[in-house]
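Data block below; observations after.
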Amino acid sequence: MLGHLSKQCHSPQVICIGEALLDRLGPLGGNPLHDQPYEDRLGGAPANVACGLAKLGNSVAFFGRLGSDSIGECFQDLFNARAINLNGLQIDQSRPTRIVLVRRDLSGERSFQGFLGDKGDGFADQALSTDDFPEACNLIIRHARSLLIGTIPLANKTSEDALLWCIDRALETNIQIVLDINWRSTFWGENNIPDSGPSQKEVANIKPLFEKASLLKLAKEEANWFFSCDDPKQISLSLFRQPDVVITDGPNPVKWLIGGFSGATDAVAPKVVVDTTGAGDSFTAGLINQLLRLSFKPETYKEAEAVVEFAAACGSLVCTGSGAIDPQPTSQEVLACLSGSFGGDK
């Protein structure tokens, strides 16, 4: 079943497809399953990136599926408040919006523990369906400039088909496909060890996506799991399309290959770390935001490096607040951070 359409009539530049879910953040050092106080925050990597891009001033569409529940209603209110196009949003009458249990250690670093809410039929995001995409989605893809995808929809056959449907149409129009691997082992099996790497079967399932991306964003551990190295040039050369590659490594320098230029750029240290949830997604939003302004083709090393610096500041600023979406910065806040005039209190 389709969700109600967004009142926005714009033609989005970016489409983000995939999961929208609730992050239940446990207290620092505690367990979100039973320790108090926990915090409930809207999240999910594609939803986070969509909201981050909109906060930075971009026109965005979100393709995904939510439950017909209070969480789904909160998401629709949030998306509409940020003027995100919802023609590709589906509402599931039987499956709930997924709740993810997020552990945080004493420093704010998080790990994904498991899920809540399944009534036996799985979660709404797993049922994202090509059958429920209206014709408007074809038009949105045809006029967009970039498609942001992740790997989590591949963990379920129905959502995998929907993801591949969008990718095929994006390839027909030759828009930029940005792939953020965003590997999360528990989404592929609730009994999987949190933060463990992919199995050979899972690697084989995901690898075909690499050949479709024009930009590949991944964390250092993901680079080693899927490519056995963390060298952007080597990774790019191993793929047919030779995509741009950006590799993050927490507080360590970002390694990148963009537009034929390569380098390593220092991460931006936050003034205080409250919660690292969504930092990578905010980085991705900042990356796409800047590349859009350069038509994904920086002409100099300095332009390419500035793209990464902006993205790093976006990721840093999210760490100064709770959750993945509420602390997302505006462009003005990012520029203030880069100039040293932003205090970091959100």
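Taken to the nearest 0.5 Å, the OG1 atom of Thr186 stands 8.5 Å off from the CG atom of Asp195. The CZ atom of Arg65 sits 9.0 Å away from the OG1 atom of Thr158 when rounded to the nearest 0.5 Å. Rounding to the nearest 0.5 Å places SG of Cys74 at 6.0 Å from CG of Leu42. A distance of 9.0 Å separates OG1 in Thr330 from CG in Leu317, rounded to the nearest 0.5 Å. Within the model, atoms CG of Leu291 and CD1 of Ile258 stand 5.5 Å from one another, a figure rounded to the nearest 0.5 Å. Rounding to the nearest 0.5 angstrom, the gap separating the OG atom in Ser146 from the CD1 atom in Ile15 is 8.5 Å.
Listed here is the closest heavy atom pair of Ser236 and Pro243: OG-O, 2.7 Å. Residue Val268 comes nearest to Glu309 through the heavy atom pair CG2-O, 4.4 Å, listed as atom of the first residue, atom of the second, then distance. In terms of heavy-atom proximity, Ala47 sits nearest to Phe79 at CB-CZ, 4.0 Å. Minimum heavy-atom separation, Asp121 to Asp118: N-OD1, 3.3 Å. Ile325 approaches Arg82 most closely through the heavy-atom pair O-NH2, 3.5 Å. For the pair Gly250 and Ala267, the tightest heavy-atom approach, listed with the atom from each and the gap, is O-CB, 3.8 Å.
A donor-acceptor contact shorter than 3.5 Å links the side chain of Asp69 to the backbone of Thr97. A donor-acceptor pair is defined here as one N or O able to donate and one able to accept, closer than 3.5 Å; such a pair exists between the side chain of Ser331 and the backbone of Leu56. At distances below 3.5 Å, not a single donor-acceptor pair connects side-chain atoms of Ser185 with backbone N or O atoms of Gly197. Judged purely by atom type and a 3.5 angstrom limit, Ser129 uses its side chain to pair as donor or acceptor with the backbone of Asp131. Looking at Asp244, its side chain does come within 3.5 Å of a backbone N or O of Gly259 through a donor-acceptor pair. The backbone N or O of Phe123 sits less than 3.5 Å from a side-chain atom of Gln126, completing a donor-acceptor pair. Of the possible polar contacts, none joining the Asp249 side chain to the Asn252 backbone as a donor-acceptor pair under 3.5 Å is found. Proximity of a side-chain donor or acceptor of Asn87 to a complementary backbone N or O of Ala136 within less than 3.5 Å is not detected. Side-chain atoms of Ser59 come within 3.5 Å of backbone atoms of Gln13 as a donor-acceptor pair (strictly under, hydrogens ignored).
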(Q) Working note: Ile141 + Leu147, criterion side-chain contact (heavy atoms from CB on, under 4.5 Å); need CA distance, chi angles, decisive distance, verdict. (A) CA-CA 8 Å; Ile141 296 172; Leu147 172 69; 5.9 Å; no
Q.
Apply side-chain contact (heavy atoms from CB on, under 4.5 Å) to residues Thr284 and Leu148 and explain how you reach the verdict.
A. CA-CA 9 Å; Thr284 302; Leu148 180 280; 4.0 Å; yes
Q: Show the numbers, then the answer: is there a salt bridge (charged side-chain N to carboxylate O under 4.0 Å, His left out) between Asp23 and Arg41?
A: CA-CA 5 Å; Asp23 288 323; Arg41 301 284 180 170; over 6 Å; no
Q: Could you give me the CA-CA distance, side-chain angles and deciding distance for Asn289 and Phe310, then say whether side-chain contact (heavy atoms from CB on, under 4.5 Å) is met?
A: CA-CA 9 Å; Asn289 178 79; Phe310 187 97; 3.6 Å; yes
Q) Between Leu21 and Phe187, is a side-chain contact (heavy atoms from CB on, under 4.5 Å) present by the stated rule, with each step listed? A) CA-CA 12 Å; Leu21 45 81; Phe187 282 80; 3.8 Å; yes
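Contact annotation: the side chain of Arg169 approaches that of Asn138 to within less than 4.5 Å [non-hydrogen atoms, C-beta and beyond]. For the pair Phe115/Leu101, no side-chain contact is recorded, criterion being any heavy-atom separation below 4.5 Å from C-beta on. Between Glu19 and Ser159 the shortest side-chain heavy-atom distance does not fall below 4.5 Å. You'll find the side chain of Leu22 stays beyond 4.5 Å of the side chain of Val100, heavy atoms only. Looking at Ile17 and Leu128, their side chains come closer than 4.5 Å, going by heavy atoms from C-beta outward. No side-chain heavy atom of Ile84 sits under 4.5 Å from any side-chain heavy atom of Cys16. You'll find the side chain of Gln36 stays beyond 4.5 Å of the side chain of Pro27, heavy atoms only. Side-chain contact between Trp188 and Asn205 is present, with at least one heavy-atom pair separated by less than 4.5 Å.
A donor-acceptor contact closer than 3.5 angstrom is absent between the side chains of Asp180 and Asn182. Under 3.5 Å, the side chains of Asn58 and Arg293 contain a donor-acceptor pair of N or O atoms. Defined by atom type and a distance below 3.5 Å, a donor-acceptor pair is present between the side-chain atoms of Asp92 and Ser94. Judged purely by distance below 3.5 Å, without hydrogens or angles, the side chains of Glu73 and Ser70 never pair a donor atom with an acceptor atom. Counting only N and O atoms by type, the side chains of Asn224 and Glu221 include no donor and acceptor under 3.5 Å apart. For the residue pair Asp161 / Thr130, no side-chain donor-acceptor distance below 3.5 Å is found, with atom types taken as modelled. Checking Ser214 against Gln176 by side-chain atom types alone, a donor-acceptor pair falls below 3.5 Å.
Cluster membership check: Leu171 shares its hydrophobic cluster with Leu239, using side-chain heavy-atom separations under 4.5 Å among Ile, Leu, Val, Met, Phe, Trp and Tyr. Leu237 and Ile235 fall into different hydrophobic clusters, where Ile, Leu, Val, Met, Phe, Trp and Tyr residues are linked whenever their side-chain heavy atoms come under 4.5 Å apart, directly or through other members. Cluster annotation: Ile167 and Leu139 are assigned to distinct hydrophobic clusters (Ile/Leu/Val/Met/Phe/Trp/Tyr, side-chain heavy-atom contacts under 4.5 Å, transitive). No single ILVMFWY cluster, assembled from side-chain heavy atoms under 4.5 Å apart, contains both Val308 and Leu257. Tyr38 and Val102 fall into different hydrophobic clusters, where Ile, Leu, Val, Met, Phe, Trp and Tyr are joined by side-chain heavy atoms under 4.5 Å apart, directly or via other members.
Ring pair Phe63/Phe133 is tilted by interplanar angle, where 30° to 60° counts as tilted.
With sequence neighbours left out, Phe296 forms a ring pair (Phe, Tyr, Trp, His ring centres under 6.0 Å) with no residue at all.
Checked against the 6.0 Å centroid threshold, Trp256 and Tyr301 count as a close aromatic pair. Ring-centre distance between Phe75 and Phe62: not below the 6.0 Å cut-off. Close placement of the Phe227 and Phe210 rings is indicated, their centers lying within 6.0 Å of each other.
Among the candidates Leu86, Ile91, Ile71, the single residue satisfying the side chain to side chain contact (heavy atoms under 4.5 Å, CB included) test with Leu66 is Ile91.
We find that Asp231 and Lys255 are not joined by a salt bridge, their nearest charged nitrogen and carboxylate oxygen being 4.0 Å or further apart.
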